[in-house]
Amino acid sequence: MQPIHTLDEFFTRSGAEVSLYHMGRRVTACTRDVLRAFENAEHAWPEPWQGQARLAIVFRLGAMEEPAIWFLALPLDEQGMLSPAQRDGFINRLLETLGRNAAATDLGAADTADVDHLMKDNPLAFTPDITFQAMLNARATHAHGLSASQHLEAVEAYLSGQQTIDWQALGLQGIADYVVRLDNETAEALAGRIPGLPTSVIHSLCYCLEHQPLPDALVEALCARGEVAASEGDLETLCACVRSVGSSRAALAGEWYSHLLNDPAACGPDLMAAIAGRGWPWLEDAERLPRFLQRLAEDERSHFASVVRDIALIPRLRLPVMLTLRDAPAGSAIQARLSAMQSSHNG
């Protein structure tokens with residue numbers, strides 16, 4: 001029997017039912033092929049977050065009655081590739097707990113207590129924020145054909161405008177379930193409701209919508225609501241709307257980002273963090289990325305070095321970021337920041 005070196009090998013050999021989800025920049029399904037290539041040092045992690053590959057592993061092993069969930073944050077090197085030491089230590093602990101031979105019958109008898117014990121004092125374990133947990137639950141139950149939470153019905157009634165419900169009674173899990181099930185017809189109806197929703201509802205809704213592409217009509221409504229927030233000085237709502245359209249493919253989202261980046265007064269640290277954290281696909285643009293880095297460098301309040309390192313770990317942005325920094329004009333804010341980083345490093 002060949003030894004087990006990777007998580008993918010373990011789940012393959014154990015015969016477990018496994019579903020993977022990205023848990024870094026957004027909650028989306030992750031294929032086994034992505035994990036396999038990453039663990040075999042063939043590819044960098046596609047959606048890194050704070051120097052980690054954050055992953056939810058939902059699995060059922062052997063005789064387990066209920067699926068277990070592991071939240072693992074695998075450390076990355078400067079190229080966005082796996083730093084394997086902690087992963088290797090976890091696998092060793094895993095095999096010691098469940099039996100070294102992944103095909104053994106005693107592994108099939110593993111129970112939830114065994115699996116849960118592996119997360120205690122585990123340096124790879126992390127706890128996602130509540131919105132990420134709600135979106136994971138919504139995605140996993142929907143993918144497996146299971147019923148949504150009991151909160152969905154009230155959310156549907158409220159957001160459709162069919163019933164007058166106290167918005168404070170709406171559950172976050174219900175909003176997540178609603179978003180995962182959003183179709184074009186429902187999205188169009190929701191777009192008409194966006195202008196009049198209370199800010200607290202808008203925030204929770206946006207933090208769920210940011211995890212998936214949205215139809216054009218809804219993107220348009222969210223951009224418009226964001227513009228209203230900007231005119232009223234409501235930074236939190238503006239940033240929530242910016243985040244909400246980050247995964248969308250509608251050209252309007254990119255145009256809105258460009259409009260915001262062209263306004264120096266709008267480009268504070270919170271807005272820049274919203275774009276970098278959730279709207280990074282729109283930075284893959286020959287004009288938008290240099291403007292983003294310029295605005296980031298100009299604002300003394302921004303954490304230029306950490307933001308640049310973060311987005312440069314994204315494989316599709318790594319080369320464009322490096323080239324933009326290299327080609328920054330002499331005397332520019334970007335050059336000044338780079339010089340300061342170099343001086344700090346040398347010091």
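None of these values were measured; they are calculated from a predicted model.
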Report the C-alpha separation of Phe90 and Trp70 in whole Å, then their side-chain angles, then the decisive distance to 0.1 Å, and conclude whether the ring pair (Phe, Tyr, Trp, His ring centres under 6.0 Å) test is met.
CA-CA 12 Å; Phe90 174 68; Trp70 287 345; 5.2 Å; yes
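- Under the side-chain contact (heavy atoms from CB on, under 4.5 Å) criterion, Val307 pairs with Ala276, Phe292, Leu296, sequence neighbours left out.
- Considering every non-hydrogen atom in both Val321 and Ala312, the closest pair reads CG1-CB, 4.2 Å.
- The two atoms that bring Trp49 and Gly277 nearest to each other are CZ3-CA, 3.9 Å, heavy atoms only.
- Looking at Ser248, its side chain does come within 3.5 Å of a backbone N or O of Leu214 through a donor-acceptor pair.
- The side-chain heavy atoms of Leu35 and Phe11, taken from C-beta on, include no pair separated by under 4.5 Å.
- Cluster annotation: Leu182 and Leu172 are assigned to distinct hydrophobic clusters (Ile/Leu/Val/Met/Phe/Trp/Tyr, side-chain heavy-atom contacts under 4.5 Å, transitive).
- There is a side-chain donor-acceptor pair under 3.5 Å between Asp234 and Thr237.
- No donor-acceptor distance shorter than 3.5 angstrom exists from the side chain of Glu298 to the backbone of Ala333, with no hydrogens or angles considered.
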For Met272 and Leu261, run side-chain contact (heavy atoms from CB on, under 4.5 Å): C-alpha distance rounded to whole Å, both residues' side-chain angles, the deciding distance at 0.1 Å, then the answer.
CA-CA 9 Å; Met272 303 303 278; Leu261 290 171; 4.0 Å; yes
I'd like to know whether Ser247 forms a side-chain contact (heavy atoms from CB on, under 4.5 Å) with Arg26, so could you lay out the CA-CA distance, the side-chain angles of the two residues, the decisive distance to 0.1 Å, and finally the verdict.
CA-CA 9 Å; Ser247 293; Arg26 57 189 175 183; 2.9 Å; yes
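- Judged by distance alone, with hydrogens and angles left aside, the side-chain atoms of Arg60 form a donor-acceptor pair with the main-chain N or O of Glu65 at under 3.5 Å.
- Counting heavy-atom neighbours within 6.0 Å of Gln50 CD, excluding the residue itself, gives a total above 12.
- Counting heavy atoms from C-beta on, the side chains of Leu190 and Leu218 come closer than 4.5 Å.
- Residues Arg36 and Thr6 are not in side-chain contact: their nearest non-hydrogen atoms beyond the backbone lie 4.5 Å or more apart.
- Within the structure, the ring-ring contact (aromatic ring centres under 6.0 Å, His included) test picks out the following pairs touching residues 211-253 (sequence neighbours left out): Phe132-His211.
- Under a 3.5 Å cut-off, the side chain of Glu9 and the backbone N or O of Ile4 do not form any donor-acceptor pair.
- Cluster membership check: Met341 shares its hydrophobic cluster with Leu325, using side-chain heavy-atom separations under 4.5 Å among Ile, Leu, Val, Met, Phe, Trp and Tyr.
- A donor-acceptor contact closer than 3.5 angstrom is absent between the side chains of Ser19 and Arg139.
- Salt-bridge annotation for Glu47 and Arg25: absent, with no side-chain N of the basic residue lying under 4.0 Å from a carboxylate O of the acidic one.
- The number of heavy atoms from other shown groups lying within 6.0 Å of CG (Leu323) is above 12.
- The shortest side-chain heavy-atom distance between Ile311 and Leu293 falls under the 4.5 Å cut-off.
- Seen from the ring of Trp280, Arg288 does not count as a face-on cation partner, given the 6.0 Å and 45° thresholds.
- Atom CD of Gln294 has more than 12 heavy atoms from other residues, nucleotides or ligands within 6.0 Å.
- Side-chain polar atoms of Arg318 and Gln79 form a donor-acceptor pair below 3.5 angstrom.
- Although no hydrogens or angles enter the test, the distance criterion places no donor-acceptor pair under 3.5 Å between the side chain of Arg295 and the main chain of Ala266.
- No donor-acceptor pair under 3.5 Å is formed between the side chain of Gln335 and the backbone N or O of Ala330.
- A donor-acceptor pair is defined here as one N or O able to donate and one able to accept, closer than 3.5 Å; no such pair exists between the side chain of His259 and the backbone of Glu255.
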Go through the steps to decide whether Tyr178 and Thr186 satisfy the test side-chain contact (heavy atoms from CB on, under 4.5 Å), and finish with yes or no.
CA-CA 10 Å; Tyr178 173 87; Thr186 308; 3.4 Å; yes
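- No cation-pi contact links Arg291 to Tyr257, judged by a cut-off of 6.0 Å to the six-membered ring centre and 45° from its axis.
- Here the shortest heavy-atom pairing between Ile334 and Phe304 reads CG2-CZ, 4.4 Å.
- At distances below 3.5 Å, at least one donor-acceptor pair connects side-chain atoms of Arg181 with backbone N or O atoms of Asp177.
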Assess the residue pair Arg32 and Thr12 against the criterion (side-chain contact (heavy atoms from CB on, under 4.5 Å)); give the C-alpha distance rounded to whole Å, side-chain angles, the decisive distance to 0.1 Å, and a yes or no.
CA-CA 10 Å; Arg32 290 282 294 275; Thr12 297; 2.8 Å; yes
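- Among all heavy-atom pairs drawn from Cys239 and Ala274, the shortest one is O-CB, 4.0 Å.
- Donor-acceptor pairing under 3.5 Å is lacking for the side chains of Arg225 and Ser244.
- Among all heavy-atom pairs drawn from Ser160 and Glu156, the shortest one is OG-O, 2.8 Å.
- The shortest distance between side-chain heavy atoms of Leu74 and Leu124 falls below 4.5 Å.
- Side-chain contact between Phe10 and Leu95 is present, with at least one heavy-atom pair separated by less than 4.5 Å.
- For the pair Asn262 (side chain) and Ser258 (backbone), a donor-acceptor distance under 3.5 Å is present.
- You'll find the side chain of Leu197 reaches within 4.5 Å of the side chain of Tyr158, heavy atoms only.
- Residues Pro48 and Ile314 are in side-chain contact: their nearest non-hydrogen atoms beyond the backbone lie under 4.5 Å apart.
- Between Leu260 and Val242, the shortest heavy-atom distance links the atoms CD1-CG2, 3.7 Å.
- Here the side chain of Asn40 pairs no donor or acceptor atom with the backbone of Glu42 at under 3.5 angstrom.
- Among residues at least two apart or in separate chains, ring-ring contact (aromatic ring centres under 6.0 Å, His included) pairs with a member in residues 15-40 are His22-Trp45, Phe38-Trp45.
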